[in-house]
Amino acid sequence: MALASRAPSPRPFPAAVEWIVRVFSVPLTWLWARGFRMLGLLDAVTLFALMVAISFVRFGFSFDWDTYALSYYVVGFSIATAIHITVNYFTGLYEREPRLGRSPWWPKIILATGIGVAVQGLAFVVLDRYLMPRLNLAVFLTLASFVLVFNRVLARRATLRRQGPPRVVLAGAADAVDLAAAHLAASDQRAVVTDRVEQPHLLVDSIVEHDATDVLLLDVTAFGSVYPEPLNSLELAGVGFLQRVSARETLLGLRSVREIGGMPFVALRSHTVPGYKVRLKRVFDVLTLIVTIPIWVPVIALVALYVRVIAGKPVLYRQVRVGRDGQLFDCVKFRTMIVDAEEDGRARLATLDDDRIVPALKWMRSMRADELPQLWNVLRGDMSLVGPRPERPELVAEITQRVPGYVRRNELPPGLTGLAQIEGRYGTDAEFKLGYDIQYLVNWSLVTDIQILARTVWVVLSRRV
């Protein structure tokens, strides 16, 4: 049933601005799909301008600053700006936010600014020069957060002006919809409720008919009705989904709750881990492998020689595994079983006392040494250092039938080690391992990966299987 609420019409910008938007809409759409945000460009300009302004105030309103040439400061400010934009990206400041609800900007911005200033300090060690005078840097640390918050307020208002207020469909039981509509009407939200839907299967028709921009799911059990479809398709079309959470779900420790009309919601996405975190994880993997080359290359060479002497050829064993988003890849391992261990071609899970294992190579499995060649898969991008373990397609198909949601573990690249490997055991049931994998996805951070890698060393040394 459509509501009588009317949305104020979007107000166009001046004709010259609208013309620029039309001309650049195609390339900007292409860049948007690959992670670019105009907000990043705005941040770069304003942060650079802030550095210049601080120097003007300190050294006078001319370009005859201190003891260095102007070019010295321009280069330093440019490098500093690039550092801060990169840090902002990897702390999620350019991730697309739902139009409804407000995510607190200050904590994330203060963290990003602090990290950026710290990286500038490291840049002094590498470049043997300060990117800006030290007193300027202290003032910049204080003011940069205000600039970044102002940019986000400005961007939100510009979006609201051009696109108009969010057009919302409320989905749930009649009493829950009435309560939510009353809360929205009484709050300062500019959202306009365009329709009410009691059955989730009617959502798509309602969204299309009313040109809705957002959906509020008021039933905590409705997620299963919209995932993976129509959530995936509508998300690609720019429609936001938010799920209301009750006190029971909040007590589980949800950290990304958004307030909308005084009600707690969480944003629903087809992928649990945002794109910037996936890219940050990849950077961490590559840098870690490069730094530790003097350690793992000789170890792999020695283990390969041992396998060659004990078991003969072939030394390596390749197996098709399921990677990120269900993509298949060749996973490389040291061979620890007899040749033709699966003559019948059927996938068989290995056991601790499997008679196919070469006795002198059994220790490699207990110490995970047979997995070392997968560092090549990590370099290629098929795998990560930490993540859910890759499984064979046949086993994934079988487990998916009995464990709902099992495919969600494939949102990140599979890992050489993982939370399920350090918390569970070799024979831990797939459903329990999935719980560890989902917990890892939801709570991923670089600190989590470092902790898991450190604990993996203990698991390997203790041969805990």
Dump the intermediate steps for side chain to side chain donor-acceptor pair (under 3.5 Å) on S445 and T448, then the final yes or no.
CA-CA 5 Å; S445 69; T448 301; 3.0 Å; yes

Check: L39 and R152 side chains under 4.5 Å, non-hydrogen atoms
yes

Rounded to the nearest 0.5 Å, how far apart are CD of Q401 and CD1 of I399?
11.0 Å

Can you check whether I438 reaches L441 side chain to side chain, under 4.5 Å on heavy atoms?
yes

Please answer whether the main-chain N or O of R167 pairs with a side-chain N or O of T213 as donor and acceptor at a distance below 3.5 Å.
yes

Check the pair F334 / L316 against side-chain contact (heavy atoms from CB on, under 4.5 Å), numbers first and verdict last.
CA-CA 5 Å; F334 282 125; L316 298 177; 3.8 Å; yes

Could you check if a side-chain atom of P393 sits within less than 4.5 angstrom of a side-chain atom of L328, using non-hydrogen atoms only?
yes

Does the pair K313 and R335 meet the rule for a side-chain contact (heavy atoms from CB on, under 4.5 Å), with working shown?
CA-CA 9 Å; K313 294 182 178 180; R335 181 173 66 86; 5.9 Å; no

Hey, what do you get for CD (E259) to NE2 (H183), rounding to the nearest 0.5 Å?
10.0 Å

One thing to verify: whether K277 and E95 come together as a salt bridge, which I'm taking to mean a side-chain N less than 4.0 angstrom from a carboxylate O.
no

Grab the two heavy atoms, one from P414 and one from R324, that are nearest each other, plus how far apart they are.
CD-N, 3.8 Å

Rounded to the nearest 0.5 Å, what's the gap from CD on E371 to SG on C331? Could you check?
7.0 Å

Taking all non-hydrogen atoms of both residues, which atom of F329 and which atom of P390 are closest, and how far apart?
CZ-CB, 4.0 Å

For I452 and T456, which heavy atoms make the closest approach, and how far apart are they?
O-OG1, 2.7 Å

Minimum side-chain heavy-atom gap F90-L446 below 4.5 Å
no

Side-chain (D43) to main-chain (L148) donor-acceptor, under 3.5 angstrom:
no

Can K333 and R321 be said to form a side-chain contact (heavy atoms from CB on, under 4.5 Å), step by step?
CA-CA 12 Å; K333 303 175 67 174; R321 297 293 178 102; 4.2 Å; yes

Any sub-3.5 Å donor-acceptor pair from S206's side-chain atoms to L202's backbone N or O?
no

Please determine which of V239, V226, L234 meets the side chain to side chain contact (heavy atoms under 4.5 Å, CB included) test together with L203.
V226

Can you list the residues that meet the side-chain contact (heavy atoms from CB on, under 4.5 Å) rule with V177, with sequence neighbours excluded?
L170, R196, L218

Is the shortest side-chain heavy-atom distance between W444 and L280 below 4.5 Å?
yes

Is any side-chain heavy atom of P413 closer than 4.5 Å to a side-chain heavy atom of M383?
no

With no hydrogens and no angle check, do the side chains of W376 and D382 hold a donor and an acceptor under 3.5 Å apart?
no

Within the structure provided, determine whether L289 and W296 are in side-chain contact (heavy-atom separation under 4.5 Å).
yes

So, D370 and T336: side-chain donor and acceptor under 3.5 Å apart, yes or no?
no

How long is the span from the CG atom in L419 to the CG atom in D449, to the nearest 0.5 Å?
10.5 Å

Answer yes or no: is there a donor N or O on one side and an acceptor on the other, between the side chain of N377 and the main chain of D330, under 3.5 Å?
yes

Nearest heavy atoms of I207 and F241, plus distance in Å
CD1-CZ, 4.4 Å

Partner residues of I310 under the side-chain contact (heavy atoms from CB on, under 4.5 Å) criterion, sequence neighbours left out:
Y306, V358, A360, L361

Can you give me the closest heavy-atom contact between Y440 and G387, atom names plus distance?
CE2-CA, 3.8 Å

Nearest-0.5 Å distance, CD of residue Q421 to CZ of residue R368:
7.0 Å

Do you know which two heavy atoms are closest between T91 and Y276, and how far apart they sit?
C-CE1, 3.7 Å

side-chain contact (heavy atoms from CB on, under 4.5 Å), that's the test. Do R408 and E411 meet it? Break it down for me.
CA-CA 6 Å; R408 294 213 71 170; E411 291 185 13; 2.9 Å; yes

Between atom CG of N151 and atom CD1 of I109, what is the distance when rounded to the nearest 0.5 Å?
8.5 Å

CZ/R318: more than 12 non-hydrogen atoms of other groups inside 6.0 Å:
no

Is any side-chain heavy atom of V386 closer than 4.5 Å to a side-chain heavy atom of T417?
yes

